[in-house]
Each structure stands twice: as structure tokens, then as C-alpha cells.
Amino acid sequence: MIQGILVFCGKSGHLFYSKSYAPNFGLEMEGQAKTDPHNISSLLFSLQLNARSAMSMPDMPADPEGQPSLRKMELGPVTVWFQSPSKCPQLIVALFHVTEFSPHASVLAKDIAERLYQTYYHHFDSGVSVRKFQGASAIVNACLLNFSDSLLRDAASEMMGVGRLHWIHASCCAEALHGPSPTANDAAPSSARDPPPTDPPSLSRPKSAPPSSSPCSA
């Protein structure tokens, strides 16, 4: 389950967009006090800076795709995925989710990052400073809807595949127990598939005809 989404600048740490679907983005806070999204964004930005410093060492190759230095981190029961658009590494999307959702979260975060850049690219290409992404909620909601539809289609296809496997397995078991199913020719009545049987020819000698009365007999 998704716990929340943060979008911030990888150069300045400025928060462009935030949406929490659980208290504190699902993070376990001391006393469970409500934390401002700006504080969480600042923490993630600091972690990205530290990771970038470590990745900038001479023996560490640069990421050819321009993705964040820190791609994934686990904070208690919550996993955070970081993704950037392929043409704008300074725009970073942080997606908070429970661990069970991990195999799909990176794909969703990447889709959100790419679509946000398609709409707000001029803020980065022209160097214009922007405080918030106006209308970003509609873009994020569209990504979530498309992603949920994709998951439902995958689940339906998987269930159909499992159903076919179960049917094939049951058919094979029945054949092993009772023999192959009768074919159409086997199931037809004997009168419909074969001519009626005829009596076999007799192999005994034919009986001689009784002697006729001869005019020469006495």
C-alpha cells in the first residue's frame, strides 16, 4: 500500500509536491507526532547529498541514466523508492510504501517523475524558481489510476492462467484414473458406426438330399 509521495529538488532540497496517504507517510515517529512534509523532504535531501558524495569518489562510476544516488531505503516497515526523469536528474520523486509493494513501486515512481517533467520541464530548463507544482495532484492521481488498472489486468491474467492450469491438471488426473475420454466415434452406438454383424458361414458338410422314389424300384 502506498503511504505517500514527495517531490523535491535534488539541488536545493525545495519541496515541489507532497501527498500523504498515512500519518507521517507511514514512518514510525517518536510519540507519533505529526511531522511536516518539509522536514521529511529535508531529511531525504540530506541523505541524497551524502549518497552523492559517496558516489562521487574516483573509484565509483557515475550513473549513466542520471538517477538519484540513493535509489532505495527502508525505514522500519516502510520502503522509500527514489526516481528522477531521464532528462532531469534534479527532480526527485520519493514514493513511500509498505514492503510488500516493493516490486512495483519503482515503476510507479518513475512514471510519476516522467509525467511531472513533461508538464513542468520549463521550470528546470529555463532556471525559473517555482515554489509548488500547481496542478500536480491531477497528474499524480492519473498515474495512480493507470497503475492500479495495470495491476488489475496483471492479476486477472494471472488468475486466468492459474485457472487454465487447474483445469488441465484436473483433466490429466481424470484421464490417469479412468482412462482417456471417449471420442465421438467411441461414444456413438454400435448401430451407427458399424454394420450389423452377420452369422459366420457354416463349416459343416451340407446334408444330402433325401433319395427320390425311383420308377425302377420294386
Side-chain angles (χ1 to χ4, degrees), residues 1-29 32-52 54-55 63-121 123-124 130-155 158:
M1 180 180 295
I2 301 175
Q3 306 296 298
I5 299 170
L6 287 176
V7 183
F8 60 94
C9 179
K11 288 186 175 181
S12 64
H14 181 76
L15 181 62
F16 294 125
Y17 172 83
S18 67
K19 179 63 177 179
S20 177
Y21 302 102
N24 298 325
F25 295 82
L27 301 177
E28 296 179 348
M29 299 294 183
Q32 294 300 319
K34 186 175 181 180
T35 303
D36 188 270
H38 289 83
N39 295 335
I40 300 178
S41 176
S42 298
L43 172 62
L44 299 181
F45 173 65
S46 300
L47 294 173
Q48 286 290 344
L49 288 180
N50 292 335
R52 191 180 307 162
M55 295 291 290
D63 188 341
E65 298 180 1
Q67 289 302 305
S69 301
L70 181 62
R71 298 287 192 93
K72 176 185 176 183
M73 62 181 298
E74 295 184 2
L75 300 172
V78 178
T79 302
V80 186
W81 273 97
F82 300 93
Q83 286 285 355
S84 293
S86 55
K87 296 182 179 180
C88 186
Q90 61 264 37
L91 191 160
I92 299 179
V93 172
L95 179 66
F96 300 74
H97 61 93
V98 293
T99 306
E100 291 77 3
F101 192 67
S102 181
H104 310 284
S106 179
V107 177
L108 176 58
K110 183 67 172 180
D111 185 37
I112 294 175
E114 293 291 350
R115 296 200 184 196
L116 288 176
Y117 177 71
Q118 291 174 6
T119 304
Y120 304 103
Y121 67 91
H123 294 301
F124 300 93
V130 57
R131 294 183 59 85
K132 292 289 184 180
F133 284 164
Q134 298 296 330
S137 294
I139 298 174
V140 172
N141 291 338
C143 293
L144 293 174
L145 181 61
N146 291 337
F147 189 73
S148 62
D149 290 342
S150 176
L151 288 180
L152 289 175
R153 288 194 298 269
D154 292 344
E158 184 176 350

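Computed from a prediction, not measured in an experiment: that's the story for all the values here. Here, residue 1 is the first one in the sequence, and each next residue gets the next number.
The shortest distance between side-chain heavy atoms of I5 and V140 falls below 4.5 Å. Contact check for L75 versus V80: side-chain heavy atoms found under the 4.5 Å cut-off.
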- Query: Going through the distances and angles, do L44 and M73 end up as a side chain to side chain contact (heavy atoms under 4.5 Å, CB included)?
  - Reply: CA-CA 10 Å; L44 299 181; M73 62 181 298; 4.1 Å; yes

- Message: Run V98 and V78 through side chain to side chain contact (heavy atoms under 4.5 Å, CB included) and show every step you take.
- Response: CA-CA 5 Å; V98 293; V78 178; 5.6 Å; no

- W81 and H97: CA distance, side-chain angles, deciding distance, side chain to side chain contact (heavy atoms under 4.5 Å, CB included) verdict: CA-CA 8 Å; W81 273 97; H97 61 93; 2.9 Å; yes

- Query: Going through the distances and angles, do S18 and L6 end up as a side chain to side chain contact (heavy atoms under 4.5 Å, CB included)?
  - Reply: CA-CA 5 Å; S18 67; L6 287 176; 3.3 Å; yes

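Nearest approach of E114 to P85, heavy atoms of both residues: OE2-CA, 3.5 Å. The heavy-atom pair separating P77 from E28 by the smallest distance is CD-OE2, 3.5 Å.
The side chain to side chain donor-acceptor pair (under 3.5 Å) search around D36 returns H38, not counting sequence neighbours. Here F45 pairs with F8, L49 under the side chain to side chain contact (heavy atoms under 4.5 Å, CB included) rule; sequence neighbours left out. Not counting sequence neighbours, the partners of F25 by the ring pair (Phe, Tyr, Trp, His ring centres under 6.0 Å) test are F96.
Side chains of S20 and Q3: a donor-acceptor N/O pair is absent below 3.5 angstrom, by distance only.
In summary, the aromatic rings of F133 and Y120 are positioned with their centroids under 6.0 Å apart.
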